[in-house]
Each structure stands twice: as structure tokens, then as C-alpha cells.
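To start, the structure itself, in C-alpha cells.
Everything numeric here is computed off the predicted structure, so don't read it as measured data. Along the sequence shown, residues are numbered consecutively beginning with 1.
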Amino acid sequence: MRLPAAEQLSPAWPSSYFPAALPAGRSRLLAYVLNRVGADGAVRDTCRSRVLESALALALLDRRGSGHVGARDRMVRYLERHRGSGGLMDAAVAAAALGRGTGHPSPQQALEGIVSRVPDFARTRKRALVHAIFTMLGVDNAGDDGDSRAVDTGTLHPWAAVQAVAVKAILATGEAPVDRDDVTLLVSTQCPGTVWEGNLFIHLSVLHALADVAGMESVVDDGLRTAFTHQREDGGLPFVTDTDTWCTVIAGLALCSADAPREVLHRIAGHLVRVQHANGGWSYTDRAQLSDTDCTTVAVEFLHQLDADVYRAPIRRAVDALIAVRGADGGFPTYGSGTPSEPCMTAAVINALSAQGRHHHVIQAALRFLADRQMPDGSFPPGWSGSRLHTLFRAYLATRSHHRQSPPAVHDMSSRIAGLVRTTQNADGGFGQQNDAPSDAISTAYALIILAGQPDPAPAARAARHLLTQQRSDGGIVSVPDMLGPRPFPYHVPLLTDAFALLALGHLTRRIRPSGVLVPGRRHLLRSTSRTQLADVPAHRPDPVSPSNPPQWRTP
């Protein structure tokens, strides 16, 4: 995700082709993200409430039949307010939890909408999961796991394994006693006051699985009390307790791209070094023990860009952790060794390894994996974002790092990514999560990173203009929920939009030079861009420099 090296940059674009408000908007966004850096170097934001966990908690509370009256009332009001505000799944889940299934989307409708939005290797498990969700809510539904692989834990990472065992127990309720070993595993995740791995969805699923097991009453009641310690002000419960480490690595890289003060960047790095796992990786939160490829790769990129010498030891440990989970197919999984490789994670590893000066054969094999997984339209299978542009921009950056020495298939992959992005820009200049979706800020930020590497500045200028229309007066950016967990259920941590937007503007700024500043040897740098192509991009001069509008352009 980091900014390209100087030799990878295309000719610079005059700032006059971009919105006059861009420098000030970027400065305000930078200040907003800087203000979120804590004294300990962590960058934190609250994971917002979600209908799914709120509904499961309400159903469990009603099964237990007592206690938490005030919390229950607040949760009911939350679900009432959000009954019609989400997609099919949210609508069906909220209606079921509130006992108002008639006239609302059926579980079968929700099921069919979900299985099409997850990777092929996970579809059987997700079908069983949706069946289990409606079973927890007391709804007779048409879902049927129908396949023992749905609950086969042999090749699953710990989170998925616990979730699968909970699903098996929930679907078996009333038909057969829960296996003793399964009960032991589920109970092992319960500790009063602590949500296992910070995951409230798994926590509540485990409690539902144990609710009808003899002798588990106190475990379930303690688990409910623990869950309600995370009830948000709006009455709902979130997916996870926090995403502090994920926010920190993304914000750190974005701040690095924006030339934030070095003292702040080293403070962030110091926090990351302190929470690095013994195996060399990082997890989305310091409450979790299972490290993941996503956080680890971005941490490597940030630490390397900040100071590769100072952070040599943690970088090397992290790279070793990444290599250790490499798949036999040349790709990389999200979690442990032996789990399925995924395009987005493979692109992330390529980006992390590219600056290390080693593992060339690993990178080339990973690029071949990526090229093989690209779909006919240029996109990739679903990842951990609701926007297909998330995997696209990371794959695009992976190809750019090895553009010259890569085989034709990699060049073709890069061209197809750029072509897809150029042809799917909405009329307002922004981008949506999928085809024909309305524009949102975080998808637009992802796309802008790709557009910043193209020869024509017009699409990038339109995207930047749209992004600025989503900026609040305090400098933050408004957007839709984007991250998924468990896939394909979206959850919302607003700071991630701010960080990705700042990162995108960092990529864009690297391509822009101030009006009136000549770059040697580039007097005719826009000769290939016709006036017709730029006709819909009004020419602007930057606003006068002032204390409230400092110059932000960096000459390439």
C-alpha cells in the first residue's frame, strides 16, 4: 500500500487540473488522523453496533428469561431503529429477533444473497452458518447444511474451528446431545469479563450453543454479562470489541505517506513493536492471539517505510512469519499455514516483501497465483472488504512493484485492473462497492490509488473531487461500512475510511506538481492527454497559501 518509489512514478500532473480545495482538504484530513494517535502510539476508533450481534444477544437474553432489563430495552430500541436500514440479512435478522417475521425478507432470501458473496472454499460453511443464525433466533428456515464439511474443523484456523463447532451444536439442538469434546472446546473460550479473541459474534454463538447443555447455566449467564459490558451508547452490540491494531497499521502507513511528524510515526511504530506476537505477526487487536496476514503485511510496509534499519529486527521476524504460512500454490492465506490462499492476502504479501530485497522466487510465484485467480472482468474473488476495489488496488500495487521484470500475464493483469476501474467510475466521479452501486468514499479512495498510476489525470481528478464532497467540517470522511467479518457481513469502524482516504491522497499527491513549477525534462508531460479528455475537469489554480491553507504539494 505504500507510495511508489520515485523511479516508478509516471510524469507529473499540474495541480491546475485538480480541485482547488484539494490541498486544504488533505491538510484537514491529515490533522484529523493525527489527532487520533494516542499517547501510547495506538490509533483507536470504536467498532460500531451491528444488527447481527444485537439480535443474537436479544434472542439469548429472552431464552434465559431474566435480568438485564435496561440493556434489553435499549437493544430492542436499537433493532427497531435499524429494522429497515440494512440489506436483506439485517432486515430478516432484526425482524426475527423482534418477533416480526411476517412481511420481511425470508431466511432463504437472505441465504441466497450471502452465499454468492463469499469465496468458493467458504460457501458450504457459510450456508450452515446462516442456518444456525436463524436457528439461534428461533426461526424455522429452509437452510440446510447438508454437508459434513460445513463443520469439519480439521483444516480450519482456531476462530473458524470454534465457530464451526458452535454451528454444529446449534444445528444439533433437540436432535442429539452435544458432543462432550465440543462442549469442552466451547467452554474453553469463556472467561468472565473477557471476550475470546475480541470476537463478540463467536462469543454469542458459543453461548447459544451452550444454552441448552445441562450444567452450563452459569457459564451462559457470565457470558451474557461480559457481552453487555460492550453494549454501545446506541443500545447495540458490535462485531468485535475493537480493531485497534488494524486501525494503527493503516493509519500509520497513511500518515507516513502524508509526511506526518517523525516523532508521531515513531510513537506508532513503538506501539506496534510492543504488541507484535511471539511468532512475528500481528492481529487486528491486541486482545487476540491469532495473527493474520493482513495486519502483518501492512505493519511491515509501515515499519520499512519509516526506518528499515531501526526496525530491522521486528521486520525480519514478521517476514519470516509471512513466509511460514505460504501455500503450496504460491499464494498466501489470511490465517495459518494450510488454510486456503486468497488473492487479496497474496497481493498484500507481495507488497510487503517487495522492498525487502529478497524472496524473489516467492514474489514471482505469488504474482502467478494472482494472475491465475483474476476473473474475466478483471476483478478477483471476494475478500475481506465489501468493495471489490480493495483487492484490486492491492493487486495493482503488487504488479507495479515488479512491472519491468514480470511475465506478460502480470502485465496483462495490471492492464485489466486499470481498465476495469476506468470503465466503472460513476457519473459523480466516485466508485461503488460493486457494479452499479452508488458511490461511497472508501471505494473511491481504493480506486483513486489505482487512478493515481494512470497516464490520464481526468479520472483521478473526478475521483478526488467526489472524495472531497464526503469530507466533514472536522476533516473526517463519511462512508459506508466496508470491512467484513465473518464474511460477508459488513462492520463499521469509521477511522478506516479516514486512513484509506489519506493514503489515497498521498498516492495522488505524488503525481501532482504545483502550477508554475517546471520539472526538468518534462515540459510537455501532458502531450498525450487530449483537451477532450480533460474537458470535464475544470482548471483551477491553487488557493493562495495561508496559515489555514499551507502548501501540501510535493514535487516528484
Work out which heavy atom in [X] is nearest to a heavy atom in [Y]; give both atom names and the distance.
X: L467; Y: A501; result: CD2-CB, 4.2 Å
X: D286; Y: V275; result: CB-CG1, 4.1 Å
X: E53; Y: L204; result: O-CD1, 3.4 Å
X: L237; Y: A227; result: CD2-O, 3.4 Å
X: M75; Y: Q231; result: CE-NE2, 3.7 Å
X: F201; Y: N199; result: N-OD1, 3.1 Å

For [X], check ring pair (Phe, Tyr, Trp, His ring centres under 6.0 Å) against everything at least two apart and list the hits.
X: H68; value: F228
X: Y78; value: H82
X: F500; value: H390, Y446

Does any part of the side chain of [Y], heavy atoms only, come nearer than 4.5 Å to the side chain of [X], both counted from C-beta?
X: L265; Y: Q305; result: no
X: R48; Y: Y491; result: no
X: T444; Y: Q470; result: no
X: F489; Y: L129; result: yes
X: S257; Y: T509; result: no
X: H203; Y: L207; result: yes
X: D182; Y: L185; result: no
X: L448; Y: L505; result: yes

Return the set of residues passing side chain to side chain contact (heavy atoms under 4.5 Å, CB included) with V37 (not counting sequence neighbours), or none when no residue passes.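 V37 satisfies side chain to side chain contact (heavy atoms under 4.5 Å, CB included) with V43, L255, V264, R267, I268 only.
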If the condition is side chain to side chain contact (heavy atoms under 4.5 Å, CB included), which residues does P340 pass it with, not counting sequence neighbours?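 Per chain and number, P340 pairs via side chain to side chain contact (heavy atoms under 4.5 Å, CB included) with F121.
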Do you see a donor-acceptor pair shorter than 3.5 Å between the side chains of D242 and T285?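 Yes.
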Do E342 and T334 have side-chain atoms, one donor and one acceptor, less than 3.5 Å apart?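 Side chains of E342 and T334: pair found under 3.5 Å.
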By salt bridge (Lys or Arg N to Asp or Glu O under 4.0 Å) - contacts of [X] (at least two apart):
X: D73; answer: none
X: R72; answer: D62
X: R472; answer: D474
X: D292; answer: none

Interatomic distance, [X] atom [atom1] to [Y] atom [atom2] [nearest 0.5 angstrom]:
X: R465; Y: D428; atom1: CZ; atom2: CG; value: 11.5 Å
X: C47; Y: W246; atom1: SG; atom2: CH2; value: 14.0 Å
X: T245; Y: R287; atom1: OG1; atom2: CZ; value: 10.5 Å
X: I477; Y: L495; atom1: CD1; atom2: CG; value: 11.5 Å
X: D244; Y: T46; atom1: CG; atom2: OG1; value: 8.5 Å
X: D498; Y: L503; atom1: CG; atom2: CG; value: 12.5 Å

Please list every donor-acceptor pair under 3.5 Å in which a side-chain atom of residues 157-166 meets a protein atom from a residue at least two apart or in another chain.
residue : atom : partner : partner atom : Å
H157    : ND1  : W159    : N            : 3.4
H157    : ND1  : A160    : N            : 3.4
W159    : NE1  : E197    : OE1          : 2.7

Which pairs pass salt bridge (Lys or Arg N to Asp or Glu O under 4.0 Å) with one or both residues in residues 31-43, sequence neighbours excluded?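 Output for this query lists R36-D45, D40-R44.
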Before you tell me yes or no, could you show the steps for D440 and F431 under side-chain contact (heavy atoms from CB on, under 4.5 Å), namely the whole-Å CA-CA distance, both residues' side-chain angles and the distance that decides it to 0.1 Å? CA-CA 6 Å; D440 65 86; F431 290 80; over 6 Å; no
Mark yes or no for whether D90, through its side chain, and R50, through its backbone, hold a donor-acceptor pair below 3.5 Å.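 Side chain of D90 to backbone of R50, a donor-acceptor pair under 3.5 Å: no, none is there.
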Enclosure of E233 CD (heavy-atom neighbours >12, cutoff 6.0 Å):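 Open.
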Would you call R83 and E80 a salt bridge, using N to O less than 4.0 angstrom?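 E80 and R83: salt-bridged.
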Does anything in residues 36-55 form a ring-ring contact (aromatic ring centres under 6.0 Å, His included)? List the pairs, not counting sequence neighbours.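 Matches after skipping sequence neighbours: none remain.
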